[in-house]
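As structure tokens, the structure follows; a few thoughts come after it.
For this chain, numbers begin at 1 and follow the sequence in order. This one's a predicted model, so the numbers in the text were calculated from it and none came from an experiment.
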Amino acid sequence: MERTTCCVVGGGPAGMMLGLLLARAGVDVTVLEKHGDFLRDFRGDTVHPSTLRLLDELGLGERFDRLPARRLTQMRMHVEGTTFVAADLRRVPGRHKYIAMVPQWDFLDLLASAAAEEPSFELRMRTAVTGLRTDAAGRVTGVTYTDRQGAPGELAADLTVACDGRDSVVRAAAGLVPRSFEVPMDVWQVKVPAPRDGRGRGQVFLSVRDGQVAATMDRGDYYQTSYLIKKGTDAQLRSHDIAWFRDRLGALLGWDGEALLAIRSWDDVKLLDVTMGRLPRWYRDGLLCIGDAAHTMSPVGGVGVNLAVQDAVAAARHLAVPLRGGRPTTTALHRIQRRREFPTTLTQRSQLTEHETLLRPALDGTLRPGHLPTPLRLLRRVPGLRMVAGYMGGVGVRPEHAPGFARRSPGGTPPERSRA
């Protein structure tokens, strides 16, 4: 029987960060990732100031700075004829006063390469978890999986951590059911070549007009564009010719038809089925859920990656000592949920408020020119609130610092021997 101390399911931001941190604590950790690489379009590509600071603490800041990135310092909105700055990160504490736009596969490759330097770390690609192992008392004792050849296998573990996303196989196998929140929208995601006139470069821009909503993020030679549609209307709207969508997107964002011809067919328009939810209990004996497996976030604000990374840091801090000495108790798992539940809940409440005050009425066409929702009127009139919005979006509530055992100098050596 194969065995590891901690089995991490899912090689996304939460899983790779947790694997790296636990390996630096000397814990035997195995990360299982079902895909053969990290190359996926339309993943969360925002790395926030609190995560950038964390990378510095881990001695990875210089490596990260070598990745291709664009820096976003402001979030601008154009709502029914009114343009204003909604969030400003230029006064966020620390040296990172921006959000870095980096392809997520580059970010994950960076974490994987750093983790591979630790002798107690193992990453298995093309390994799909199919279920959980349990003992007679119902305690989770590891996972079942299929390997890259499709052969079944089992991996015993003192602790299994579900980092396998919003459609978590592990969460379902454990019988953990999240509480769901109603959302008004789904999202079409598409790449559009950057306009030649250079408008909006280095920004995130949200445009709301005439029952349409779209957000664009500058990715250099193209804009990563999210176009919101009413929840559940994807199939109905795709009955139109693709030219209908190009015309609507061009009218909303003021883009010329030549650039929009890059959207050749509906195959170029990917659907994100937006869901929001949160587990009442993130764990059971032998199992912990973090990141999207514990709390599915709205795409509003692009904070999902940042929250997942912060979950991983908190989990590593609480788990390192128990895992080195045996298996963690449910009390230790509860402490992790208690630490991370408050910032998660507060962020979800903020997202739900934005859904109801802006996005739902925008998609319903009930927003009137010159009549901004109260929160947006305040952001427009009070500059200090834009700084607060920048801090909440870029740093968030209860940001986590790297545990002492995981810290490294830029050269890769521990600054000193630290306790967990």
Side-chain angles (χ1 to χ4, degrees), residues 13 16-17 38 41-78 83-111 113-114 189 191-207 214-226 253 255 297 299-310 347 379 383-396 399-402 410:
M16 294 310 303
M17 181 61 73
F38 298 125
D41 279 336
F42 305 116
R43 279 186 158 188
D45 292 339
T46 54
V47 183
H48 291 226
S50 53
T51 301
L52 294 170
R53 183 193 63 198
L54 174 66
L55 293 173
D56 287 344
E57 295 169 349
L58 297 174
L60 300 176
E62 292 182 0
R63 294 195 215 178
F64 183 86
D65 288 343
R66 292 195 288 268
L67 299 179
R70 298 192 72 83
R71 296 182 176 184
L72 308 176
T73 59
Q74 292 183 329
M75 161 80 178
R76 300 180 66 85
M77 287 188 178
H78 180 84
T83 301
F84 57 96
V85 175
D88 193 331
L89 289 91
R90 291 176 296 179
R91 294 188 183 176
V92 167
R95 77 180 187 94
H96 302 290
K97 303 179 187 300
Y98 55 87
I99 291 173
M101 292 292 300
V102 174
Q104 191 176 112
W105 52 82
D106 286 336
F107 177 54
L108 295 177
D109 279 336
L110 171 64
L111 297 180
S113 64
Q189 297 175 314
K191 296 179 180 180
V192 179
R196 294 176 180 175
D197 59 13
R199 285 176 296 165
R201 304 316 302 268
Q203 297 177 354
V204 173
F205 202 98
L206 179 73
S207 188
T216 64
M217 290 180 285
D218 180 10
R219 299 306 307 274
D221 57 351
Y222 71 92
Y223 280 172
Q224 183 170 312
T225 304
S226 298
L253 298 174
W255 288 347
M297 310 302 292
V300 166
V303 296
V305 170
N306 196 52
L307 276 174
V309 168
Q310 302 299 309
T347 302
L379 282 172
L385 290 180
R386 303 169 200 164
M387 306 301 175
V388 173
Y391 180 88
M392 293 301 294
V395 178
E400 306 288 347
H401 287 271

Show the numbers, then the answer: is there a side chain to side chain contact (heavy atoms under 4.5 Å, CB included) between Leu60 and Phe64?
CA-CA 6 Å; Leu60 300 176; Phe64 183 86; 5.7 Å; no
Strictly distance-based, threshold 3.5 Å: is any side-chain N or O of [X] a donor or acceptor partner for the main-chain N or O of [Y]?
X	Y	answer
Lys97	Arg91	no
Thr46	Gly302	yes
Arg76	Phe205	no
Thr51	Val47	no
Gln310	Pro399	no
His78	Leu206	no

Derivation of the side chain to side chain contact (heavy atoms under 4.5 Å, CB included) call for Leu89 and Tyr391:
CA-CA 6 Å; Leu89 289 91; Tyr391 180 88; over 6 Å; no
Rounded to the nearest 0.5 Å, what's the gap from [atom1] on [X] to [atom2] on [Y]? Could you check?
X	Y	atom1	atom2	value
His96	Leu54	NE2	CG	10.0 Å
Leu307	Glu400	CG	CD	10.5 Å
His48	Arg53	NE2	CZ	13.5 Å

For the residue pair [X] and [Y], establish whether any side-chain heavy-atom pair is separated by less than 4.5 Å.
X	Y	answer
Pro68	Val102	no
Ser207	Met77	no
Leu110	Arg66	no
Thr225	Lys191	no
Gln74	Arg90	yes
Leu55	Phe107	yes

Minimum heavy-atom distance [X]-[Y], with the two atoms named:
X	Y	value
Ala389	Ala86	CB-O, 3.4 Å
Gly61	Asp56	CA-OD1, 3.3 Å
Pro13	Leu111	O-CD1, 4.4 Å
Met297	Gly304	CG-CA, 4.2 Å
Gln104	Val305	NE2-CG2, 3.7 Å

Let me see the working for Thr216 and Gln224 under side chain to side chain contact (heavy atoms under 4.5 Å, CB included), right down to the final yes or no.
CA-CA 6 Å; Thr216 64; Gln224 183 170 312; over 6 Å; no
Any chance you could lay out the side chain to side chain contact (heavy atoms under 4.5 Å, CB included) test for Arg71 and Ile99, step after step, and finish with the verdict?
CA-CA 6 Å; Arg71 296 182 176 184; Ile99 291 173; over 6 Å; no
Answer yes or no: is there an ion pair linking Asp65 with Arg95, defined by an N-O contact shorter than 4.0 Å?
yes
Please work out which of the three classes, parallel, tilted or perpendicular, describes the rings of Tyr223 and Trp255, given edges at 30° and 60°.
tilted
Under a 3.5 Å cutoff, is there a donor and acceptor pairing between the side chains of Asp88 and Thr73?
no
